[in-house]
Amino acid sequence: MKLILLGPPGAGKGTQAKMLTDYFSIPQISTGEILRTAVKEGTELGVKAKVYMDSGGLVPDEIVIGIVAERLQEPDCQNGFILDGFPRTVAQADALQTNLAEMDKTLDRVISLDVDEEALVERLTGRRTCKDCGRGYHVKYDPPAADEVCDACGGQLFQREDDCEQTIRKRLEVYSSQTTPLINYYRQSGLLTEIDGMQPIAAVQAQMLSTLQAN
Ligand code: AP5
Ligand code: MG
Ligand code: ZN
């Protein structure tokens, strides 16, 4: 299964990708997570990316295209992958197509999650993430059993730095100007399935699985 999850910040890409990873035993490739790890480790990539991420803008195409091209060569991508947060521009989508063609691979499906702007802001301001295993929570929609503690591993939960309202609004603007053209891009190639992301997490998951199993 070679899959792209498309959708604005807070649409539920990460939440759904984690579940699909378990279900299909294929890796989740989140460019956001790869970049956040680089920022945390203070690598050259991290130092460069931080400026863009803090402002809610996109990291330059050539950087993320290179990251994904390398990641797709890893042996765990042999049977498929879930791209979460990539591509985000037409240039990234074109580069992905070229890279996959060079590997004799083609995409199976692109799922786009649709969510209203105010719901996105509420989701992102209430999001919490485990610092150890990366599992995501929401204070209202998907709370941990004990406050600020991960159910899965007991790790401490934290709030992402770019999840303050001002940066969230900027990220939403950037999505609408730079990434929404990809909806038509993949519609034209016949790969797009749109799912109503306003449904509860489990309902979105069920719809995704039935779409993918029918593929
Ligand atoms: P990235 O990490 O990809 O962030 P994003 O796209 O802004 O998306 P999010 O991770 O915020 O949202 P999500 O859809 O994963 O939602 P989640 O499942 O967590 O990118 C961060 C930054 O890195 C970018 O701004 C950019 O600077 C840079 N970057 C990354 N990729 C790049 C690229 N390709 N090119 C250039 N720059 C790049 O859910 C959110 C919350 O809602 C959670 O609390 C969850 O519990 C809750 N929730 C989920 N689903 C539901 C539901 N159905 N109902 C109720 N609550 C729900
Ligand atoms: Mg995410
Ligand atoms: Zn955890």
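Each ligand, and each atom within it, is numbered from 1 in the order the structure gives. Residue numbers count from 1 along this sequence.
- Here's the thing with Gly12: one of its N/O atoms is less than 3.5 angstrom from an N/O atom of ligand 1.
- The closest approach between a heavy atom of Gly10 and any atom of ligand 1 is below 4.0 Å.
- Looking at Asp163 next to ligand 1, no N or O pair under 3.5 Å apart turns up.
- Counting heavy atoms closer than 4.0 Å to ligand 1, residue Pro200 contributes backbone atoms (N, CA, C, O) but none from C-beta onward.
- Of the heavy atoms in Ile201, both backbone and side-chain atoms come closer than 4.0 Å to ligand 1.
- When the options Val204, Ile82, Leu5, Leu6 are evaluated for a side chain to side chain contact (heavy atoms under 4.5 Å, CB included) with Ile111, the one that passes is Leu5.
- A donor atom on one side chain and an acceptor atom on the other are found under 3.5 Å apart for Tyr185 and Gln97.
- Of all the heavy atoms of Val174, none lies under 4.0 Å from any atom of ligand 1, so neither backbone nor side chain is involved.
- The distance criterion of under 3.5 Å between nitrogen or oxygen atoms is met by Val59 with respect to ligand 1.
- Salt-bridge annotation for Arg127 and Glu161: absent, with no side-chain N of the basic residue lying under 4.0 Å from a carboxylate O of the acidic one.
- Heavy-atom separations between Gly57 and ligand 1 include at least one value shorter than 4.0 Å.
- For ligand 1, the polar-atom distance check finds an N/O of Tyr137 within less than 3.5 Å of one of the ligand's N/O atoms.
- For the 3.5 Å distance criterion, the side chains of Asp61 and Thr89 qualify, holding a donor opposite an acceptor.
- Looking at Arg171 against ligand 1, only its side chain comes within 4.0 Å, counting heavy atoms.
- No salt bridge links Asp142 with Arg123; every basic N to acidic carboxylate O contact stays at or beyond 4.0 Å.
- Both the backbone and the side chain of Thr15 come within 4.0 Å of ligand 1, judged by heavy-atom distances.
- Both the sub-6.0 Å distance and the 45° axial angle are satisfied by Arg135 relative to the ring of Tyr137.
- Every atom of ligand 1 with a heavy atom of Gln92 under 4.0 Å away is listed here by number and element: 33 (C), 34 (N), 35 (N), 36 (C).
- At a 3.5 angstrom cut-off on N or O pairs, Gly14 counts as close to ligand 1.
- In this model, a donor atom of one side chain and an acceptor atom of the other lie less than 3.5 Å apart for Thr193 and Arg109.
- At under 3.5 Å, a nitrogen or oxygen of Arg36, whether backbone or side chain, sits near a nitrogen or oxygen of ligand 1.
- For ligand 1, the atoms closer than 4.0 angstrom to any heavy atom of Tyr141 are 55 (C), 56 (N).
- Counting only N and O atoms by type, the side chains of Gln205 and Gln16 include no donor and acceptor under 3.5 Å apart.
- Residue Met198 places every heavy atom at 4.0 Å or more from ligand 1.
- The number of heavy atoms from other shown groups lying within 6.0 Å of CZ (Phe24) is above 12.
- An N or O contact shorter than 3.5 Å links Gly85 to ligand 1 by distance.
- Proximity of Gln16 to ligand 1, defined as any heavy-atom pair under 4.0 Å, is not found for any part of the residue.
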